[in-house]
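Below, read A as the first sequence line, B as the second, and so on, with proteins coming before strands; counting in each chain starts at 1.
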Amino acid sequence: MTILLNENARILVQGITGREGLYHSERMYAYAKNVVAGTSPGHGGEWVLDYKVPVFDTVRDAKESTQADTSVIFVPAFHAADAIMESIEAEIGLIVCISEGIPIKDMLKVRALLEHSESRLIGPNSPGILTPGKAKAGIIPGSIALPGKVGVVSRSGTLTYEVVQALKKAGVGVSTCVGIGGDPIVGTSFVECLDLFESDPHTDQIVLIGEIGGNEEELAADFILNHVTKPVYAYIAGRTAPENRRMGHAGAIIEGKTGSARSKIESLLRAGVQLFSYPEEIAEIIRI
Amino acid sequence: MTILLNENARILVQGITGREGLYHSERMYAYAKNVVAGTSPGHGGEWVLDYKVPVFDTVRDAKESTQADTSVIFVPAFHAADAIMESIEAEIGLIVCISEGIPIKDMLKVRALLEHSESRLIGPNSPGILTPGKAKAGIIPGSIALPGKVGVVSRSGTLTYEVVQALKKAGVGVSTCVGIGGDPIVGTSFVECLDLFESDPHTDQIVLIGEIGGNEEELAADFILNHVTKPVYAYIAGRTAPENRRMGHAGAIIEGKTGSARSKIESLLRAGVQLFSYPEEIAEIIRI
Amino acid sequence: MKLHEYQAKLFFSREGIPVPKSGLANTPIEARQIAAEIGYPVVLKAQVLSGGRGKAGGIRLVRGDAEIETTANLIFNSEIRGIPVHRLLVEKAIEFSQEFYLGIVNDRSLAKPILILSSSGGIEIEEIALTAPEHIEKKPINPLIGLQNYTVRALASKLGIDYSLWKPLQQIAASLWRLFDQLDATLIEINPLVVTPEKTLMALDGKMTIDDNAIFRQKDFLEVSDQTAETPTEQEAKKFSLNYIQLNGNIGCMVNGAGLAMATMDCIQQAGSEPANFLDIGGGATADKVTAALSIIIKDPKVTAVLINIFGGITRCDEVARGLAAVLPEMRRALPIVVRLEGTNAEEGKKILEPYPQLLQADTLMAAAEIAVRASKQVAS
Amino acid sequence: MKLHEYQAKLFFSREGIPVPKSGLANTPIEARQIAAEIGYPVVLKAQVLSGGRGKAGGIRLVRGDAEIETTANLIFNSEIRGIPVHRLLVEKAIEFSQEFYLGIVNDRSLAKPILILSSSGGIEIEEIALTAPEHIEKKPINPLIGLQNYTVRALASKLGIDYSLWKPLQQIAASLWRLFDQLDATLIEINPLVVTPEKTLMALDGKMTIDDNAIFRQKDFLEVSDQTAETPTEQEAKKFSLNYIQLNGNIGCMVNGAGLAMATMDCIQQAGSEPANFLDIGGGATADKVTAALSIIIKDPKVTAVLINIFGGITRCDEVARGLAAVLPEMRRALPIVVRLEGTNAEEGKKILEPYPQLLQADTLMAAAEIAVRASKQVAS
């Protein structure tokens, strides 16, 4: 077992007839043959991918017919919260939302719904999950990673690709790579992913890729200090980004001094994490 | 043990400095001496009932200082949902709302909150709970009931008093009398109360007092048929009430033929319940 | 509070739900003027708060100028299930190929609003609910989240509604939800929601009920609530916050609590007569309110006896007695009045009423009903 | 999107939150006219989207007609933390006995809005948060239920705020919540919320930030968004949905993905130079967008080299290459451009760029940064 996603996943693509949805469904299918259904309102009864994948009007119909357990969402931002809620209501276990630009208010509702559901949400604004050699739910290029024992978790998309590819060039493989999404409110946190990697027997080391803003990395550092025994490596992007002209005091009152690259790096160092200062440097410092 | 309320209850009165709140706090205190606190915004630090009961600004403060576990709400309708939510948030186990006239929309929110809380709500628009000889949470006159082994559950206030007093005149005592409240949306249903009475070793027989409208009585009949072994007696008020000129079809689509006195009486008869046709008749048919 | 069709359609329109062009007429002449503006054919619709208006002759098609005043007059001079007609909605007649039903109503046991959609709307919808339930689909709405589009799509998909109509259906359902949520409605329905020849959707009839408990925060309705049809007596009762419904019998009743009031009415019938009204004075009524209640009851000329049944809890019997004592000396008719006082301060109340020997006493509710019925028959004979 | 104080106060006013009388002046003469209307003393407040306006001289008290134009001129001719002043809010000066802070902001880890109240508001609030946190109370709001009065009372009670102020505080907090919820705000604050000599509350300054992702459904802001101060280049970038922020260095950057863009900037600094901008072309950029992005970068005269770093995922490298190829022939300045293409269709992209030998290639990100910095220094020398 790897975390979240493995070869037994039965993937449903919400928005499968759209440009992005169809393109990436092909890629996912090519990677692991486990795309079992798609949804697209009004297209129920059609087929895509050369009659290999049936299309349904609703997630519930798709689930009932195909036992899909993992949903990957490619719909425009203003429909994305609706799509997530549809999957929550249909009791899809793992929901991966690629769409970006969802209003925060919608995500507050989604988070509140998730609290009392059996579903886990990854994203939104996530590149998805890649378990090399086994399955892919999202848009992380399959070619950039080797199977292996390093767990990767990140708030970023393309920055993650850099790191994972650097590992591959060094011959280092990945157990699972999770992009938790770059938005302020996401379904699954660094801490939850670290917890999963810590308990995963197929993960030996963990790479965390963070960036400035919020306090996710600080919370991750606390968690690592107290609960993670496996070696953790981390990169924080945005050391040179100008501090966003802060307006209003509420942020300062809530978050105190967290949020800056310095705060995050210091917290992680205190937790015994090894920092790397540019993406490809991971290949130089990781010990296999 | 009787259901919901016994001599160990620690009662908090929300709205204790108001006219009704104060009057009924005195009655409750006189009945069982277990009113331990009251709330009234801005009156925190004061005392009522001859310095026997301290007043707090908030339910949380009151609970922390007095370990209150039961709240009785006497606040105007447009503050009542706020008061219920305050008690839910403070994790009060039993909330009894006497206030009537709460907008249904507010009650939909309250019910949704209750679903994921540890609190039980009785009411709103409830006369409260009386466990004769032990404790009283609400406005049911203590003098009308003897302690005994008949459980009483009702949607009505004064109609319940008639029935309970008729039992007393016949020398029949009550284990607990629960007014679930006359509003369309209440916190605790007939079915839940029947379930509690069925498991209560101190209740031998059950009296259910219903009225026209909704399908609570029909659901109760189903439950009695399948889950209640104790004898149940029932009275349905409104046999001669003119059918409310129904407007719109949605009610009919949702509720079908339920709602009328005939539907309720037939369902209860099918469930083996003994019906009585005027309040005092209970004294003639109940077997002790 | 139930709204008239024309009121519901104003709200529909405000939220972007398509409705036919229309105007409200108080006279046949106004009806003709409105029809001239919007163009024939038009439909004249009696604005009364009752179902079955069509079958009762309250809805009529008019094809031209020649017949409109006559037809309008016909409706104005009729009664729809006993309700006089004061206003007509004059509405452009709309062609359609299909009738849907779309509604939101609170489900009491779920404690959630339910969205209901049917591909077979129209006046037979209740019949269809019983005989062909597969034409009706419904789903609960999480009241904290609000109606989501996927819920509408799920219903439309199950009913096989043409995909070209899903988007307008989503929009109309979203508008309906906004109205339901923002206006504290307990029911809103569009029936029929028709498909026009241009493949658009249009609301041909609409019903809305607003939660009476929420009117205090609904400014829109504080103004219109006086327009809903009620008898003058019911309106006067409203002023005193008395829950009063006029009925056809001759025993006037005054009771505290709706359940007990219904039980009292049942007892009257069981004793061989019929109640003249339902009247719940509520909890904790003051003497003033009781005075008003008794005055309203005895104004009804049908009333030949009065039964006052009070079980004091929040209500104090002495307060009730004081309220009665204020009316008794001024009563013009010598009506038998049975008073039963139980519970809080009953003894004090009875003492206050001692100076009025015309009052009949009773110990039990059933006895009180029997005494009232007997006395009523003596008065009538 | 951040709103100006005057915009926030318009919303406050609409929701019934008391604010001082005021008017917006574009010139010193307008300022004098407004002041004459509302009466002296007035406060002139520079409308710029920056904190610390007072310390920077952007807020000044004016006691009479004699000094107003001079003072207004002074502010109009100044810059507040580098931002020019185009508008002044001319506001009635208000006496007060106490300053509160009241705000709502989203808490990212809780995924809930937080209500914050302080009995020690004013410009030192952040300092107080660190040194005297007992003067600040906060509580999360259930976003599905909305702010309830008991939450406001709990904070007011803990802070020992005078009971006479609880009701107005509840009302203002409720208004703030309605604005927060209805306008898709991510932050709203009133600071200071003052207690006037008449013991009423009044909002003397206000800040609001609206969720950029929700502007599409917020009609109020589609209109005002052009009024928020941004450089012309940033506005042009917005037209093409490019996330562009101008900085002070001389290596222009174009990257896909915000995280990778920041990492690229970090690499530039590590290689010994500074980035001229942050530019994220987003996922799946078309050739047109890439063309616009490169044009914007090279318009900046500070730029002495460009670093293009694309790791294709959703973005296809051949599409990016086509976009670059469209600008290259028209470039007036001979700038060194380092292009790094990885991932989806990288080989096709490289092929498209083969005809442009002026482009420098790099395999790794760090190498690309080093090459760009070296080339930049050669250009500069």
Novice: Which atoms of D/Ile314 are under 4.5 Å from chain A, going by heavy atoms: the side chain, the backbone, both sets, or neither?
Specialist: both
Novice: Does any heavy atom of chain D fall under 4.5 Å from the side chain of A/Ile102, the backbone, both, or neither of them?
Specialist: backbone
Novice: Tell me whether A/Thr158 contacts the main-chain N or O of D/Phe311 through its side chain, where contact means a donor paired with an acceptor under 3.5 Å.
Specialist: no
Novice: D/Gln270 vs A/Arg239, test: side chain to side chain contact (heavy atoms under 4.5 Å, CB included). Steps then yes/no.
Specialist: CA-CA 10 Å; D/Gln270 205 162 337; A/Arg239 298 192 307 274; 3.1 Å; yes
Novice: Without swapping roles, check the side chain of D/Asp211 against the backbone of A/Pro103 for a donor-acceptor pair under 3.5 Å.
Specialist: no
Novice: Can you measure from CG (D/Asn213) to CG (A/Asp106) and round to the nearest 0.5 angstrom?
Specialist: 9.5 Å
Novice: Rounded to the nearest 0.5 Å, what's the gap from NZ on A/Lys105 to CD on D/Gln182? Could you check?
Specialist: 7.5 Å
Novice: Contact between D/Asp266 and A/Tyr235 at the side-chain level, heavy atoms closer than 4.5 Å - yes or no?
Specialist: yes
Novice: Write down the atom of A/His24, the atom of D/Gly313, and the distance for their closest heavy-atom approach.
Specialist: CE1-O, 4.4 Å
Novice: Can you say whether D/Asn191 sits under 4.5 Å from chain A via the side chain, the backbone, both, or neither, judging by heavy atoms?
Specialist: side chain
Novice: Could you pull out the closest heavy-atom pair between D/Lys112 and A/Glu115, with the gap in Å?
Specialist: NZ-OE2, 4.0 Å
Novice: More than 12 heavy atoms of other residues, nucleotides or ligands under 6.0 Å from CG of D/Asn248: yes or no?
Specialist: no
Novice: If we define contacts as heavy-atom pairs under 4.5 Å, which of A/Glu100, A/Glu281, A/Glu280, A/Glu211 has the most with chain D?
Specialist: A/Glu280
Novice: Below 4.5 Å, heavy-atom pairs only: which of A/Val110, A/Leu108, A/Ile139, A/Ile144 has the largest tally toward chain D?
Specialist: A/Leu108
Novice: Looking only at heavy atoms and a cut-off of under 4.5 Å, which of A/Pro141, A/Ala261, A/Pro184 has the most pairs with chain D?
Specialist: A/Pro184
Novice: Measure distances from A/Ile236 to the heavy atoms of chain D and classify the residue's part below 4.5 Å as side chain, backbone, both or neither.
Specialist: backbone
Novice: Using non-hydrogen atoms only, which part of D/Arg53 is less than 4.5 Å away from chain A: side chain, backbone, both, or neither?
Specialist: neither
Novice: For the atom pair OH (A/Tyr278) and CD (D/Glu370), what is the distance rounded to the nearest 0.5 Å?
Specialist: 7.5 Å
Novice: Return the minimal non-hydrogen interatomic distance between A/Ser156 and D/Leu260, and the atom names on each side.
Specialist: OG-N, 4.2 Å
Novice: For D/Met262 and A/Ala241, which heavy atoms make the closest approach, and how far apart are they?
Specialist: SD-CB, 4.2 Å
Novice: Would you call the rings of A/Phe78 and D/Phe216 parallel, tilted or perpendicular if under 30° counts as parallel and over 60° as perpendicular?
Specialist: tilted
Novice: Could you report the tightest heavy-atom contact between A/Pro279 and D/Cys267, atom names first, then the distance?
Specialist: CD-SG, 4.2 Å
Novice: Distance check, rounded to the nearest 0.5 Å: A/Ser143 atom OG versus D/Glu342 atom CD?
Specialist: 9.5 Å
Novice: Under the criterion side chain to side chain contact (heavy atoms under 4.5 Å, CB included), which of A/Ile185, A/Val191, A/Asn215 is the partner of D/Ser109?
Specialist: A/Asn215
Novice: Select one option (side chain, backbone, both, neither) describing which atoms of A/Ile104 are under 4.5 Å from chain D's heavy atoms.
Specialist: both
Novice: Hey, what do you get for CD (A/Gln165) to OG1 (D/Thr364), rounding to the nearest 0.5 Å?
Specialist: 10.5 Å
Novice: Counting only non-hydrogen atoms closer than 4.5 Å, does A/Ser277 touch chain D with its backbone (N, CA, C, O), its side chain (CB onward), both, or neither?
Specialist: both
Novice: Checking heavy atoms, do the side chain of D/Leu110, its backbone, both or neither come under 4.5 Å from chain A?
Specialist: backbone
Novice: Please classify the contact of D/Leu365 with chain A as side chain, backbone, both or neither, using a heavy-atom distance under 4.5 Å.
Specialist: both
Novice: By a 4.5 Å heavy-atom criterion (distance strictly below it), what part of D/Thr344 contacts chain A: side chain, backbone, both, or neither?
Specialist: side chain
Novice: Report yes if the side chains of A/Lys109 and D/Leu144 come closer than 4.5 Å at any heavy-atom pair, otherwise no.
Specialist: yes
Novice: With a 4.5 angstrom heavy-atom cut-off, could you sort out which part of A/Glu162 is near chain D: side chain, backbone, both or neither?
Specialist: both
Novice: Is D/Asp363 salt-bridged to A/Lys169, going by a charged N under 4.0 Å from an acidic O?
Specialist: no
